[in-house]
There are 2 protein chains.
Amino acid sequence: MHDTFVSNPSFFKLDATLKKIRNYWQKNFDARQMDITVDQWLLIENLYKHKRITHNELARLTSKDITTVSRIIELLVKKDLVERQGSTDDRRKVFVQLTPQGVNKYKDVRPLVLEMRKTGWNNLSERDYNELTRILDVIYANIP
Amino acid sequence: MHDTFVSNPSFFKLDATLKKIRNYWQKNFDARQMDITVDQWLLIENLYKHKRITHNELARLTSKDITTVSRIIELLVKKDLVERQGSTDDRRKVFVQLTPQGVNKYKDVRPLVLEMRKTGWNNLSERDYNELTRILDVIYANIP
DNA sequence: TAGCAATAGTTGTTATAGCAACTAATATTC
DNA sequence: GAATATTAGTTGCTATAACAACTATTGCTA
């Protein structure tokens with residue numbers, strides 16, 4: 001393995017790309033008055049898909065710290081997009097689900113997200129997508 | 001382009017991979033009492049390479065907001081790793097450079113960083129590295 | 001079954017990220 | 001050359017990230 005390869009700047013490149021995507025998403029959310037952040041969207045997306053899950057599961061699904069999830073959920077509850085329900089069989093658990101307004105928010109934002117994903121993948125093939133996925137998966141698995 | 005491709009979760013995967021790398025780096029920094037954060041390291045690395053630059057240039061080089069750079073530099077100054085010098089020809093500018101302790105910090109941390117980069121690229125080839133770089137560059141360029 | 005360990009979640013603290021508003025200095029333009 | 005625009009940097013604010021410490025509950029085990 002070459003030294004230039006070992007001392008590669010991929011961390012920087014990953015970080016820069018992610019920041020660019022995140023800023024682009026946020027600017028579009030703001031421009032269309034969606035009144036949510038990118039990470040709030042990620043939680044909404046998962047709640048739409050999984051209907052009714054705990055903070056813990058949501059944290060695992062989104063690769064977020066449970067404290068971060070707890071605080072984002074708090075903001076979403078304040079916006080009436082999400083509601084919490086204590087579990088009856090295990091009273092430590094708190095279930096979370098979208099309110100009707102939360103479901104509407106999902107449906108409002110979703111087309112914009114698809115559009116932006118398309119923009120990001122412009123000039124790239126499905127093979128490129130598979131390559132990126134494969135490489136990131138290997139890196140992820142390499143790290144203890 | 002397939003719908004599954006358009007609705008791909010690459011943002012999530014990028015985010016998850018970057019978090020894993022960042023946490024791994026931070027844990028190793030902490031374990032060896034390096035007393036810096038990952039982003040502080042990124043600034044130190046750039047300051048070592050460029051010797052004496054302004055906040056603005058540092059922000060551009062690291063893809064960070066200038067306010068973020070300003071605050072990280074503040075922390076590094078408190079640790080005596082970095083010193084600021086007002087420019088004489090343009091008194092708006094502030095030049096930043098490593099102190100001797102800052103240079104020592106770079107030399108202390110550098111081998112660990114190379115080791116961790118190697119770990120991340122385990123089971124991957126130089127071709128994979130070039131593919132990742134290419135794909136991320138295209139995504140970056142796609143986004144307005 | 002009493003004591004201890006593990007789990008779910010919250011709160012406090014520090015760091016990074018980005019926007020807006022601000023100061024100070026320099027550049028532009030009429 | 002004076003008014004205006006632009007640029008470099010700081011400060012205030014809100015959001016996300018991660019760790020530590022904490023409460024409440026549940027599970028395990030001697």
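Of the listed nucleotides (D:dA8, C:dT16, C:dA8), C:dA8 has the atom at the smallest distance from the side chain of A:I66. Closest to the A:R92 side chain, of the nucleotides D:dA24, D:dT16, D:dT11, is D:dA24. Considering only the side chain of A:K93, C:dA8 comes nearest among D:dA15, C:dT16, C:dA8. Among the nucleotides D:dT11, D:dT16, C:dT16, the one closest to the side chain of B:K64 is C:dT16. With D:dT11, D:dT16, D:dG9 as the choices, the nucleotide that has an atom nearest any side-chain atom of B:E74 turns out to be D:dT11. Of all nucleotides listed (D:dT16, D:dT11, D:dC19), D:dC19 comes nearest to the side chain of A:T67. Distance from the side chain of B:N23 is smallest for D:dA18 among the nucleotides D:dA17, C:dG18, D:dA18.
For A:S87 and A:D89, the side-chain atoms include at least one donor-acceptor pair closer than 3.5 Å. B:Q85 and B:R52 share a side-chain donor-acceptor pair at under 3.5 Å.
At a threshold of 4.0 angstrom between heavy atoms, the contacts of B:T68 include nucleobase atoms, whether or not backbone atoms are also involved. A:S87 comes within 4.0 angstrom of nothing in the nucleic acid, heavy atoms only.
Taking the side chain as every heavy atom from C-beta outward, A:Q26 and A:W41 never approach each other to under 4.5 Å.
Taking only distance into account, the side chain of B:R71 meets the base of C:dG18 through a donor-acceptor pair shorter than 3.5 Å.
Atom CZ of B:F11 and atom P of D:dT16 are 11 Å apart (whole Å). Atom P of nucleotide C:dG18 and atom CH2 of A:W25 are separated by 16 Å, given to the nearest angstrom. In this structure, CD1 of A:I73 is placed 14 Å from C1' of D:dA15, rounded to the nearest angstrom. If you measure from atom CG of A:D65 to atom C1' of C:dG9, you get 12 Å, rounded to the nearest angstrom. Separating the CG atom of A:D39 from the P atom of D:dT14 is a distance of 18 Å, rounded to the nearest angstrom. Going from atom NZ of A:K27 over to atom P of D:dA15 covers 18 Å, rounded to whole Å. Between the CG atom of B:L43 and the C1' atom of C:dA17 there is a distance of 13 Å, given to the nearest Å.
Nearer the 5' end of DNA chain C, as judged by each residue's closest nucleotide, is the contact made by B:I72, out of B:I72 and B:R91.
Between B:D35 and B:K105, no side-chain nitrogen of the basic residue sits less than 4.0 Å from a carboxylate oxygen of the acidic one, so the salt-bridge criterion is not met.
For D:dC19, the OP1/OP2 oxygens have no side-chain nitrogen or oxygen of B:Q26 closer than 4.0 Å. Using a 4.0 Å cut-off, some side-chain N or O of B:R84 falls inside it from OP1 or OP2 of D:dT10. Contact between the side-chain N/O atoms of B:S70 and the OP1/OP2 oxygens of D:dT10 is found at a separation under 4.0 Å.
Distance check, rounded to the nearest 0.5 Å: CG of B:L81 to CD1 of B:I36 gives 8.0 Å.
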